[in-house]
**Q** 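There's a structure below that I have some questions on.
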Amino acid sequence: MSIVDIMKERMSFSFEVFPPKPEQPMEPLLDTLSHLYEFQPDFISCTYGAGGTNVGRNVEVCKAIQDSGKSIAVTHFTCIGNTREGVKEQLDHYLELGVNHILALRGDLPAGWEGTRGDFHYASDLVSYIREEFGDKFTIAMAGDPEKHIQCPTEEEDIAHLKIKQDAGADYMMTQLCFDVKAFEVWRDKIQKAGVHLPIDIGLMPVLNKDATIRMALSMNGCSIPKELARIISKYYDDPEGFRKAGMEYTVNQIFEYMNAGIDGLHIYALNKWEAVTDIINMAGIRTQHKN
Ligand code: FAD
């Protein structure tokens with residue numbers, strides 16, 4: 001069953017993890033995965049680094065997830081530095097391993113790079129290529145930024161690019177973090193008016209650490225920090241434990257707000273931290289509701 005089929009029936013539920021560095025052992029992540037499987041996620045996606053770093057470890061992680069039989073593995077895959085032949089070879093390998101779900105990305109350009117230095121300039125080129133070369137063998141997700149991609153001059157242009165990606169053959173959309181659910185709803189209306197109708201899988205970033213939250217929102221993605229989150233940052237500025245507790249409550253509330261807004265999937269950026277994620281899911285009680 002593909003993730004899109006699941007989304008036709010109900011909200012999908014999933015996690016995102018990142019691979020260990022090449023010199024680090026795999027066991028801690030395998031342990032994390034074993035805890036995450038307890039929530040019966042429909043899929044677990046695995047990133048790799050900007051510039052295509054650590055792609056080898058990504059393959060190992062995806063294989064481990066797929067081989068577990070407990071969840072579908074979704075590999076992230078970027079255009080950075082990739083030739084057509086290289087992409088064909090790598091995607092053939094994923095298929096041999098049973099990994100047939102992919103998040104097709106351009107990738108974050110390393111500092112100083114103007115383009116991808118590969119045969120594909122945008123994620124839409126990669127989506128088109130996968131469809132041409134592999135037909136329907138892959139379920140393809142594409143990325144979407146509810147608050148506009150940080151490098152795109154205008155929201156209108158960014159939405160037009162989303163439509164191109166959809167029309168190239170993507171099956172569903174996975175979003176960048178967005179702390180402002182109202183902003184997400186406004187954006188969803190706009191993309192739908194522009195003809196983007198793919199199911200939307202919301203990327204949810206747990207709020208656990210002040211500096212990481214500020215960095216991910218402001219410096220990496222250009223996302224807004226809503227008043228309530230700004231209040232938590234101010235109140236617990238020098239109190240990491242207090243911040244973590246309030247941040248987890250904020251995250252639980254965000255889960256409810258997104259579910260009330262009506263979404264096709266909830267994708268928790270697990271950050272390889274199963275304890276915190278377990279607490280958040282239990283606090284929200286969503287997996288119990290979800291299974292019933
Ligand atoms: P694109 O869709 O190609 O868009 C990139 C920029 O180009 C946008 O500003 C867009 O508006 C513009 N654009 C698109 N098409 C055109 C066109 N035809 N002409 C002109 N401009 C155009 N990065 C990683 O390196 N590794 C990961 O594992 C990873 N995982 C991610 C997971 C999720 C859920 C998300 C949302 C992002 C992830 N990223 C990851 C980050 C992603 O690679 C960056 O956001 C990247 O900068 C853009 O990727 P994209 O696929 O959205 O690119």
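In each ligand, atom 1 is the first atom listed, and ligand 1 is the first ligand listed. Note that this is a predicted model, so its numbers are computed, not measured.
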**Q** Does an N or O anywhere in Gly107 fall below 3.5 Å from an N or O of ligand 1?
**A** yes

**Q** I'd like to know if Lys88 and Glu85 make a salt bridge, using a cut-off of under 4.0 Å between side-chain N and carboxylate O.
**A**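 Judged by the 4.0 Å cut-off on N to carboxylate O distance, Lys88 and Glu85 do not form a salt bridge.
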
**Q** Check whether any N or O atom of Gln176, backbone or side chain, sits under 3.5 Å from an N or O atom of ligand 1, and answer yes or no.
**A**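 No, since none of the N or O atoms of Gln176 sits under 3.5 Å from an N or O of ligand 1.
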
**Q** Are there more than 12 heavy atoms of other residues, nucleotides or ligands under 6.0 Å from atom NZ of Lys148?
**A**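 For Lys148, atom NZ is crowded (more than 12 foreign heavy atoms under 6.0 Å).
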
**Q** Suppose I only count heavy atoms of Cys152 and a 4.0 Å limit; which atoms of ligand 1 are within that range?
**A**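 It comes down to these atoms of ligand 1: 9 (O), 11 (O).
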
**Q** Check whether any side-chain N or O of Arg131 sits under 3.5 Å from a backbone N or O of Gly135 as a donor-acceptor pair, and report yes or no.
**A** yes

**Q** Counting only heavy atoms, which portion of Phe18 has something under 4.0 Å from ligand 1: side chain, backbone, both, or neither?
**A**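 Contact part for Phe18 vs ligand 1: neither.
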
**Q** With respect to Asp158, determine whether any N or O atom, backbone or side chain, lies less than 3.5 Å from an N or O atom of ligand 1.
**A**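 Yes: some nitrogen or oxygen of Asp158 is under 3.5 Å from one in ligand 1.
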
**Q** What's the shortest distance from atom 29 (C) of ligand 1 to any protein heavy atom, and which residue and atom give it?
**A** Leu105 CD1, 3.4 Å

**Q** Run the numbers on Thr47 and Glu16 for side chain to side chain donor-acceptor pair (under 3.5 Å), then give the verdict.
**A** CA-CA 7 Å; Thr47 67; Glu16 179 169 308; 5.4 Å; no

**Q** Under 4.0 Å between a side-chain nitrogen and a carboxylate oxygen: does that hold for Lys63 and Glu60?
**A** no

**Q** Side chains of Thr75 and Asn58: donor-acceptor distance under 3.5 Å anywhere?
**A** yes

**Q** When you check the gap from the basic side-chain N to the acidic O, do Glu249 and Lys245 get nearer than 4.0 Å?
**A** yes

**Q** Less than 4.0 Å from atom 4 (O) of ligand 1, is there any heavy atom belonging to the protein?
**A** no

**Q** Looking only at heavy atoms, is any part of Arg106 under 4.0 Å from ligand 1, and if so is it the side chain, the backbone, or both, or is it neither?
**A**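 Both backbone and side chain of Arg106 come within 4.0 Å of ligand 1.
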
**Q** What's the shortest distance from atom 41 (C) of ligand 1 to any protein heavy atom, and which residue and atom give it?
**A**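 Result: Asp108 OD2, 3.7 Å.
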
**Q** List the closest protein heavy-atom neighbour of atom 30 (N) of ligand 1: residue, atom name, distance to the nearest 0.1 Å.
**A**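 Ranking protein heavy atoms by distance from atom 30 (N) of ligand 1, first comes His76 ND1, 2.9 Å.
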
**Q** Between Asp167 and Lys163, does any NZ, NE, NH1 or NH2 come within less than 4.0 Å of an OD or OE carboxylate oxygen?
**A**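 Result for this pair is yes, salt bridge flagged.
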
**Q** Please report whether ligand 1 has a polar contact with His149, defined as an N or O pair separated by less than 3.5 Å (distance criterion only).
**A**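 The answer is yes, given that His149 and ligand 1 share an N or O pair closer than 3.5 Å.
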
**Q** Report the nearest protein non-hydrogen atom to atom 24 (C) of ligand 1: residue, atom name, distance rounded to 0.1 Å.
**A** Tyr48 O, 3.8 Å

**Q** Taking CD in Gln151 as the centre, count heavy atoms belonging to other residues, nucleotides or ligands within less than 6.0 Å. Is the count above 12?
**A** yes

**Q** Any heavy atom of Tyr269 sitting closer than 4.0 Å to ligand 1?
**A** yes

**Q** Considering only heavy atoms, does Leu103 approach ligand 1 within less than 4.0 Å through its side chain, its backbone, both, or neither?
**A** side chain

**Q** To the nearest 0.1 Å, how far is atom 52 (O) of ligand 1 from its closest protein heavy atom, and which atom is that?
**A** Lys165 NZ, 3.4 Å

**Q** When only distance counts, is His161 in polar contact with ligand 1, meaning an N/O pair under 3.5 Å?
**A** yes

**Q** I need the minimum non-hydrogen distance between His197 and Gln192, along with the two atoms involved.
**A**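 Scanning both residues completely, I find the closest heavy atoms to be CE1-O, 3.3 Å.
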
**Q** Provide the closest heavy-atom pair for Leu208 versus Ala276 in the form atom of the first, atom of the second, distance.
**A** CD1-CB, 3.8 Å

**Q** Got the closest protein heavy atom to atom 17 (C) of ligand 1, with its distance?
**A** Tyr122 CE1, 3.5 Å

**Q** Give the atoms of ligand 1, by number and element, whose distance to some non-hydrogen atom of Ala143 is under 4.0 Å.
**A**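 So the answer, numbered in order with elements, is 36 (C), 52 (O).
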
**Q** Number the atoms of ligand 1 from 1 as they appear, then name those within less than 4.0 Å of a heavy atom of Thr47, with their elements.
**A**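 In order of numbering, the contacting atoms are 28 (O).
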
**Q** Heavy atom under 4.0 Å from ligand 1: found in His267's side chain, backbone, both, or neither?
**A**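 Contact part for His267 vs ligand 1: neither.
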
**Q** So, is the end of the Lys165 side chain (NZ or CZ) under 6.0 Å from the ring centre of Tyr122 and within 45° of the ring's axis?
**A**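 Because its charged atom misses either the 6.0 Å distance or the 45° angle limit, Lys165 does not stack over Tyr122.
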
